[in-house]
*Asks:* 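Right, I'll just put the structure down here and ask away after.
Letters A, B, ... are given to chains in the order of the sequence lines, protein chains preceding strands, and every chain is numbered from 1.
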Number of protein chains: 2
Amino acid sequence: MSQTVDRALSILPLLAEGPADLGQVADRLGVHKSTALRLLRTLHEHGLVYRQSDQRYRLGARLFALAQEAVENLDIREIAHPHLVRLNEECGHTVHLAVHEENEVLYIDKVESRYPVRMYSRIGKPVAITVAAVAKLLLADLPEAERRALADKLDYPLYTPRSTPNAAAFLKELERVREQGWATDLGGHEESINCVGAPVRGTDGRVVAAMSVSAPNVVVTGDELLTLLPLVRRTAEAISREYSGRSPVKDPV
Amino acid sequence: MSQTVDRALSILPLLAEGPADLGQVADRLGVHKSTALRLLRTLHEHGLVYRQSDQRYRLGARLFALAQEAVENLDIREIAHPHLVRLNEECGHTVHLAVHEENEVLYIDKVESRYPVRMYSRIGKPVAITVAAVAKLLLADLPEAERRALADKLDYPLYTPRSTPNAAAFLKELERVREQGWATDLGGHEESINCVGAPVRGTDGRVVAAMSVSAPNVVVTGDELLTLLPLVRRTAEAISREYSGRSPVKDPV
DNA sequence: ATGGCCGTTGCAGATATCGCAATACGCCTG
DNA sequence: CAGGCGTATTGCGATATCTGCAACGGCCAT
């Protein structure tokens with residue numbers, strides 16, 4: 001770990017609180033003014049800090065550009081996977097992670113009992129969008145207009161008697177999911193399979209992914225599965241925190 | 001200027017191109033692997049880089065969080081936002097707010113039809129500096145020497161046949177914008193999109209920000225959009241007044 | 001004018017950083 | 001299962017780099 005770089009980087013969260021002048025930065029860093037000056041200059045040359053007209057420093061524009069590119073490379077799956085594995089170890093059931101893309105909802109990760117392995121054969125396949133818990137979570141977060149438009153376009157196949165029958169029912173269900181912050185699929189896709197899921201949110205609060213736990217009701221009934229809800233929600237929230245940068249480092253040796 | 005910090009920060013744009021492993025980073029930095037390792041570790045501890053499961057490095061989510069806090073600290077945005085929303089309600093089109101920083105022009109706020117939401121996906125992204133109405137407004141206010149120097153440094157990509165073709169044309173356009181006090185972009189960036197914008201000025205009369213209204217010409221033609229000019233200018237002036245503390249509406253303390 | 005405040009610079013000493021080489025680890029091959 | 005290869009990691013000494021100091025210069029308010 002480099003001391004100089006460490007100090008320089010510590011300036012960034014400091015400036016995130018608001019603009020500061022040289023003296024303030026030096027004080028809060030606990031270094032001499034000349035030292036702070038040189039660090040700020042280097043940050044400035046890289047565009048990470050900007051010097052406003054009153055000579056105070058604040059975070060710079062390059063930060064935006066980098067963040068932009070960072071987000072494009074951000075793979076939720078990488079971050080979520082360990083959490084999914086842990087959840088699987090705790091409850092023993094199949095765990096899914098899904099995202100919404102182009103009017104489809106796709107699984108992007110899956111952890112199955114005994115098999116902490118990426119089942120690519122299944123991953124990437126569109127889910128039953130009108131009934132799956134993860135689909136409800138992802139679509140419930142859309143603006144109302146889009147939700148409406150999408151609901152109209154969809155087909156509502158009756159996989160089982162419990163499948164969502166039509167657009168009206170679907171929209172109503174989405175509204176409920178939106179308000180309660182979690183979703184279920186109780187035998188809506190396969191008669192004997194129940195799911196309970198929770199949303200993963202980004203910094204802006206929007207739902208970026210959804211996860212769920214699935215189990216056949218020969219193992220646990222729907223009601224029993226619901227007792228896992230707190231655990232599922234905690235896991236989803238942990239992923240959200242890490243994804244949005246709220247927990248920068250978890251285990252620094 | 002600090003060599004160590006300089007090297008560390010050089011890693012960020014490098015990783016913005018995509019994930020890289022230790023060796024690649026060391027090579028591109030021109031330093032020994034152990035050096036690169038220590039720099040990367042420091043960046044990692046601050047959350048600026050993330051280590052994915054294949055041990056390669058990638059930009060981290062903390063960058064996103066920092067950029068977000070940075071944009072929230074811009075007081076122009078605070079002041080302007082309600083005005084932008086009102087303008088959006090009145091005309092129905094997309095409204096942008098942008099500032100100039102370090103040879104770049106960036107959007108710092110955006111209000112979209114029905115959607116008074118911060119689109120961070122777009123906010124923070126540098127604008128097409130040679131054609132956007134807001135860019136013309138901000139650059140037109142620079143001292144002539146700076147304007148000239150900047151115009152020479154820029155590239156002039158031909159997004160469309162109407163894009164500004166070269167430095168000479170750009171300077172001429174800036175001169176006109178400077179005199180008339182407003183600017184347009186008629187299909188210079190995207191063939192079917194027109195914009196009309198006006199400057200926001202501080203106490204000393206200098207342009208501190210610029211705003212614009214954009215609409216596809218399938219909705220309104222360029223001429224029709226121009227009829228909104230008085231409204232846009234009035235809004236910009238209202239923001240200017242409030243920003244420079246001469247707001248007739250409400251006076252703080 | 002003049003004193004105080006803040007940012008900036010040159011310098012010599014201190015120390016953190018660098019590259020090297022050796023080690024450890026994971027992965028694939030035979 | 002052994003062996004080999006590529007990569008990440010660690011300890012260490014030489015030295016380039018960073019640091020704090022003190023002096024300078026500009027700016028503002030008294």
*Asks:* What's the angle between the local helix axes at either end of the helix from dA1(C)-dT30(D) to dG30(C)-dC1(D), using five pairs per end and rounding to 10 degrees?
*Replies:*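 Answer for the end axes of this duplex: 40°.
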
*Asks:* How would you list, by chain and number, every residue that makes a side-chain contact (heavy atoms from CB on, under 4.5 Å) with A132(A), sequence neighbours excluded?
*Replies:*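 If we apply the side-chain contact (heavy atoms from CB on, under 4.5 Å) test to A132(A), skipping adjacent residues, the hits are V127(A), V134(A), A135(A).
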
*Asks:* Once each nucleotide of nucleotides 9-30 of chain D is scored for protein heavy atoms under 4.0 Å, what B/S/- sequence comes out, 5' to 3'?
*Replies:* BB------SSBBB---------

*Asks:* If you look only at pairs with a residue in residues 46-57 of chain A, which of them pass as a salt bridge (Lys or Arg N to Asp or Glu O under 4.0 Å), with sequence neighbours excluded?
*Replies:*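 Every salt bridge (Lys or Arg N to Asp or Glu O under 4.0 Å) pair that includes a residue of residues 46-57 of chain A, provided the two are not neighbours, is D54(A)-R56(A).
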
*Asks:* So, using side-chain contact (heavy atoms from CB on, under 4.5 Å) as the criterion, who are the partners of E104(B) when residues are at least two apart?
*Replies:*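 Checked E104(B) against side-chain contact (heavy atoms from CB on, under 4.5 Å); matches are A61(A), R62(A), L106(B), P126(B).
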
*Asks:* Only counting residues at least two apart or in another chain, list the ones meeting side-chain contact (heavy atoms from CB on, under 4.5 Å) with E90(A).
*Replies:*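 Per chain and number, E90(A) pairs via side-chain contact (heavy atoms from CB on, under 4.5 Å) with R86(A), L231(A).
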
*Asks:* Would H46(A) and D6(B) count as having a side-chain donor-acceptor pair, cut-off 3.5 Å?
*Replies:*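 Result is yes, a qualifying pair exists.
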
*Asks:* With sequence neighbours excluded, what pairs up with E173(B) under the salt bridge (charged side-chain N to carboxylate O under 4.0 Å, His left out) test?
*Replies:*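 So E173(B) forms a salt bridge (charged side-chain N to carboxylate O under 4.0 Å, His left out) with K136(B), R176(B).
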
*Asks:* Under 3.5 Å, which N/O atoms of the protein pair with N/O atoms of nucleotides 23-29 of chain C?
*Replies:*
none

*Asks:* Can you list everything that forms a salt bridge (charged side-chain N to carboxylate O under 4.0 Å, His left out) with R147(B)? Sequence neighbours excluded, please.
*Replies:*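 By the salt bridge (charged side-chain N to carboxylate O under 4.0 Å, His left out) rule, R147(B) matches E175(B).
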
*Asks:* Taking only residues two or more places apart in sequence, or in another chain, which ones meet E144(B) in a salt bridge (charged side-chain N to carboxylate O under 4.0 Å, His left out)?
*Replies:*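 In terms of salt bridge (charged side-chain N to carboxylate O under 4.0 Å, His left out), with neighbours along the sequence ignored, E144(B) is linked to R148(B).
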
*Asks:* To the nearest Å, how far apart are L40(A) CG and dG7(C) C1'?
*Replies:*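 Going from CG in L40(A) over to C1' in dG7(C) covers 12 Å.
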
*Asks:* According to salt bridge (Lys or Arg N to Asp or Glu O under 4.0 Å), does anything in residues 18-47 of chain A pair up with another residue at least two apart or in another chain? List the pairs.
*Replies:*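 Counting only pairs at least two positions apart or across chains, the salt bridge (Lys or Arg N to Asp or Glu O under 4.0 Å) contacts touching residues 18-47 of chain A are E17(A)-R28(A).
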
*Asks:* Considering residues at least two apart in sequence or located in another chain, which fulfil the side-chain contact (heavy atoms from CB on, under 4.5 Å) criterion with P216(A)?
*Replies:*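 Once residues adjacent in sequence are excluded, the partners of P216(A) under the side-chain contact (heavy atoms from CB on, under 4.5 Å) criterion are I193(A), V218(A), V219(A).
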
